[in-house]
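What follows is one structure encoded as C-alpha cells, with my remarks underneath.
Side chains included, hydrogens not; waters and symmetry mates left out as well; all remaining heavy atoms used.
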Amino acid sequence: MKRTVLIVGGVISLLAAALPARAQTSPELQAFQEAAGDRSALFRGPQAERYEYIANGHPYWSTREFKPGDIVFEGNSYVGIPLNIDAMAQRLLVQLSNGAFAISLTPDQVSSFEVEGHRFVGVGPGTKDLSEGFYEVFGPGPEHVYKRVNKQIAPNTHNVNGEAIGYEDPDYRDNLTSYYAISTSYYFRDRGGRVSRFRGREALIGKFGDRKREVRKAVRAARLDKSNISLDAYCELVLQIAASL
C-alpha cells in the first residue's frame, strides 16, 4: 500500500470539456498558503509512483524537472507549486518543499493548472469524447485544441528516433533493452462543445466545418502553411486566427 502524506490542495470539481476561468487568489489566502507551507489545506494523497524500470528516457510529460506552477483547488488558486506530469500513470505530481518526494493527484481532482505559460486541464473517468488523463489546452476560444501525451515501456531497437523518445545519451542507449515510448494525440473542440480527434495540420483546418475555407485562406495569408513550426505552435496560431475572424 502506498504511503500517504500531507500536501497542498483539496477536492475540486472536474472541468473536462471547457477551459476553466482562472481562479483568484486573495492576499489573505496567499499569505495563509505561504505560512502554512506543505500543510496548506491538509490535502492527503498517495506518494508518487517510483519506477524501477531500467529504460532510456523518463516517464514524465516533457522533462524530469519539477517546474513552479499554479493549480486550482476548490475555486482557489495555489501559486508557485512545483509540478510535473507522470505521463505513464496520467497523474499530476506535486513536490513537497523538501524535494524528497511528491504527491500523486488524479485527473478528477484537478480542474486546471498552468506551468511556464502552458495550460492544462484534468479529465476524470466517464467523460464523453476524452479519456481520463491530463491535456494541454491551446487557443483563446471558443474553439480549443487538447493535446495528450502518453508514455509506456517498449522494447529498444537501434533504428528508433532518439529525439522522439527522449534519449539522453546516444552512447548509452544501445546498452538498454527498453525505453519510454511516447504517444501524442490531438483533439479539436468546436464552438458547440463537440470533441473529435485529428491528425496533422490539414485535418485541423477541416475541423472548422463551414468556416474552413475562411480559416484556410487566413492561414495561407499568414504563410503558416509554408512554415516549419511545430504542430503545437501551429495549433495555437491557427486558433488565434480563427478567433479573430
Side-chain angles (χ1 to χ4, degrees), residues 1-16 23 25 29-30 32-116 118-127 130-136 147-154 165-166 168 176 178-183:
M1 181 179 294
K2 294 181 180 178
R3 291 175 291 172
T4 59
V5 295
L6 301 179
I7 186 60
V8 176
V11 179
I12 60 174
S13 60
L14 171 66
L15 296 177
T25 303
L29 177 59
Q30 185 170 351
F32 167 76
Q33 292 171 10
E34 292 174 353
D38 292 340
R39 296 186 300 278
S40 178
L42 298 181
F43 185 82
R44 185 178 296 274
Q47 184 175 336
E49 185 73 33
R50 291 181 178 271
Y51 295 105
E52 303 298 334
Y53 304 116
I54 302 177
N56 210 321
H58 56 74
Y60 307 108
W61 182 285
S62 62
T63 177
R64 297 177 185 270
E65 296 181 35
F66 281 72
K67 302 288 187 178
D70 301 347
I71 181 172
V72 176
F73 286 95
E74 297 181 334
N76 296 315
S77 178
Y78 295 82
V79 300
I81 308 299
L83 303 173
N84 205 342
I85 303 174
D86 182 337
M88 289 266 290
Q90 288 298 309
R91 297 291 184 264
L92 179 64
L93 307 182
V94 180
Q95 191 174 55
L96 292 179
S97 59
N98 60 16
F101 51 86
I103 298 303
S104 175
L105 304 179
T106 60
D108 60 317
Q109 295 174 308
V110 179
S111 63
S112 67
F113 63 97
E114 182 174 331
V115 178
E116 295 188 323
H118 296 270
R119 301 173 295 159
F120 297 84
V121 293
V123 174
T127 302
L130 290 175
S131 301
E132 180 181 7
F134 289 101
Y135 295 80
E136 186 172 1
K147 173 187 175 182
R148 176 179 170 126
V149 171
N150 285 305
K151 287 192 176 182
Q152 62 180 2
I153 295 295
I165 65 173
E168 297 170 350
L176 300 178
S178 59
Y179 67 96
Y180 289 93
I182 300 173
S183 174

Original post:
Is there a side-chain contact (heavy atoms from CB on, under 4.5 Å) between Tyr60 and Leu93 once you walk through the steps?
Top reply: CA-CA 10 Å; Tyr60 307 108; Leu93 307 182; 3.7 Å; yes

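- Remark: Pro82 pairs with Phe66, Gln95 by the side-chain contact (heavy atoms from CB on, under 4.5 Å) rule, at least two apart or across chains.
- Side-chain atoms of Arg91 do not come within 3.5 Å of backbone N or O of Ile103 as any donor-acceptor pair.
- Contact detail for Gly80 and Asp70: the closest heavy-atom pair is N-OD1, 3.4 Å.
- The CD atom of Gln152 sits 8.5 Å away from the OH atom of Tyr179 when rounded to the nearest 0.5 Å.
- Listed by chain and number, the residues in a side chain to side chain donor-acceptor pair (under 3.5 Å) with Glu65 are Lys67 (sequence neighbours excluded).
- Contact annotation: the side chain of Leu92 approaches that of Ile71 to within less than 4.5 Å [non-hydrogen atoms, C-beta and beyond].
- For the atom pair OG1 of Thr106 and CD of Gln90, the computed distance is 11.5 Å after rounding to the nearest 0.5 Å.
- If you run ring-ring contact (aromatic ring centres under 6.0 Å, His included) between Phe120 and each of Phe134, Trp61, Tyr135, only Trp61 comes through.
- Using a 4.5 Å heavy-atom cutoff, the side chains of Ser131 and Arg148 are in contact.
- Remark: Glu136 CD to Ile85 CD1 distance equals 8.0 Å, nearest 0.5 Å.
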**OP:** With side-chain contact (heavy atoms from CB on, under 4.5 Å) as the test, would you mind laying out the steps for Arg64 and Asn84 before giving the verdict?
**Re:** CA-CA 8 Å; Arg64 297 177 185 270; Asn84 205 342; 5.5 Å; no

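- Counting heavy atoms from C-beta outward, Tyr180 and Ile153 have side chains that approach closer than 4.5 Å.
- In this structure the side chain of Ile182 reaches within 4.5 angstrom of the side chain of Lys151, judged on heavy atoms.
- Distance check: His118 NE2 to Ser62 OG gives 7.5 Å after rounding to the nearest 0.5 Å.
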